Amino acid sequence: MSSVIDLHSHSTISDGLFTPSELVRRAAAQGVRVLALTDHDDVAGLDEARAAASEAGIALVNGVEISVTWNKRSVHIVGLRIDPAYEPLRNGLAAIRAGRGERAIRIAAELEKAGIPDSLEGAYAYAANPGIISRTHFARFLVAKGIVKDTRTVFKKYLVKGKPGYVEHSWADFADAIGWIRASGGIAVLAHPGRYDLGRTNLGSLIADFKETGGEAIEVVTGSHTADQFIQFANYASEFDLLASTGSDFHGVGESYMDLGRLPALPSGCKPVWHNWPEMSPESEVLSSELGTVSFTQHSALSTQD
Ligand code: AMP
Ligand code: MN
Ligand code: MN
Ligand code: MN
C-alpha cells in the first residue's frame, strides 16, 4: 500500500529526526506526492521543505501542529494551507514556544527530584532547534542514559500524569489557535482524536466544540489510530459534517507507528479535506505527471497498490 498524500509529519524543527529536506526526500522516495510539514508550534521548516519539494517534484502543503489546552487537557490542532507569514499566527506560536522553554525547566526539576540530574541540558542536546523543546527530547535523553529502553516506554513510565517528570502545562487557547489558522487562510484539523484518552461523552464534546469554533476537518487515518478507529472517526466526521484528513505523524524511523507514504485509504464515505485543493486536482502537475494509473475520486484517498 502506498499513499500519495500525507498531511502530518515532523522535522528537526520540532521533534522529528530528519531535517525538512531529508524528510521531503524520504517522502518522495516513499511515493508521497503531496506532503504537509506540520511541526509542533513552529513554521520555520517550511521554506526549506518547499525548496526540497520543488526539487523532488512533489507538492508541499504549509502546515503546523498547534498545542492547545481544551478543558484542562492537551490537544493538538493541525493547520493546513496556512500562511506562515501571518503575524498573529507567528506571535501565537512564539508564545507557545516560550511556554515550552519554561515547562522544560519544570520537567527537569521533577526528574531531578526522581534522582535524574542534568536532564535540561540533556534534552536540549537532542533539540536541533532550541526554540522547541519537547517531551520527545527528554525521552531521547532518558533512553540514551540507559534509564529507559525506548521512547515508547518513556511515555509509560515517565513524563506522563502520575509519573516522574510530569508537569501540568497551559498551552494556547483552543479558540485562539483555530482563529489564527483560519484567519491565515488555513484549515483547522483536529489531530489524532483517538489519542486523547477521553471517554465517549468528552470526545463528543471536544469534536462538537471544535466544529462550533470553526474547525473544519478531523484526522481519520493517522499513524496513531487503529484500524477500528479509522472507522470510528470516519463516522464522527460524517456525524459532525467534518472533512476527513490523513497523515502518518511521522517523526523518524523507529519512533513512529507509521512511515511516510504507507497509510491506507480513507474509509469510503469520507469527504477528503483536500477535495477542493488545486494541488490535488487531477490536472495538477505533480499528480498528472507521475500518477497516470491512480484513480482520483472525491471520496477516497489516493492510493496505489505496490
Ligand atoms: P510535548 O508536545 O512536548 O508534550 O511532546 C509530545 C510529543 O511526545 C508528541 O508529539 C510525540 O512526538 C511524543 N509522544 C507522546 N506520546 C508518545 C508515545 N506514547 N510514544 C512515543 N512518542 C510519544
Ligand atoms: Mn511530536
Ligand atoms: Mn500530535
Ligand atoms: Mn504530530
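None of the values given here were measured: they were computed from a predicted structure. Whatever order the structure lists them in is the order used to number ligands and atoms, beginning at 1.
Here the angle at the Mn ion (ligand 3) defined by NE2 in H192 and OE2 in E65 stands at 100°, rounded to 10 degrees.
Between R26 and D259, at least one side-chain N (NZ, or NE/NH1/NH2) sits under 4.0 Å from a carboxylate O, which counts as a salt bridge. Under 4.0 Å is where a charged nitrogen must lie from a carboxylate oxygen, and between R106 and E102 at least one such pair does. The pair K211-E216 fails the salt-bridge criterion, with no side-chain N (NZ, NE, NH1 or NH2) lying under 4.0 Å from an Asp/Glu carboxylate O. The pair D6-R33 fails the salt-bridge criterion, with no side-chain N (NZ, NE, NH1 or NH2) lying under 4.0 Å from an Asp/Glu carboxylate O.
Note: an N/O pair closer than 3.5 Å links T136 and ligand 1 by distance alone. For S67, no nitrogen or oxygen atom sits less than 3.5 Å from a nitrogen or oxygen atom of ligand 1, counting backbone and side chain alike. Residue W171 has no nitrogen or oxygen atom sitting less than 3.5 Å from a nitrogen or oxygen atom of ligand 1, judged on distance alone. For ligand 1, one of its N or O atoms has an N or O atom of R103 under 3.5 Å away. Remark: ligand 1 and R135 share an N or O pair separated by less than 3.5 Å (distance only, no angle test).
Considering just the N/O/S atoms of H76, the one nearest the Mn ion (ligand 3) carries the name ND1. Nearest N, O or S atom of H40 to the Mn ion (ligand 2): atom NE2. Between the Mn ion (ligand 2) and the N, O or S atoms of D15, the shortest distance is to OD2.
If you look at H251 next to ligand 1, the close heavy atoms, those under 4.0 Å, all belong to the side chain.
Nearest to atom 9 (C) of ligand 1 among the protein's heavy atoms is D15 OD2, 4.0 Å.
In this structure, the separation between CD1 on I218 and NE2 on H192 is 12.5 Å, given to the nearest 0.5 Å. T151 OG1 to L142 CG: the interatomic distance, rounded to the nearest 0.5 Å, is 10.5 Å.
Ring to ring, H275 and W277 are not that close: their centroids are 6.0 angstrom or more apart.
Around atom 2 (O) of ligand 1, the closest heavy atom drawn from R100, H76, H40 belongs to R100.
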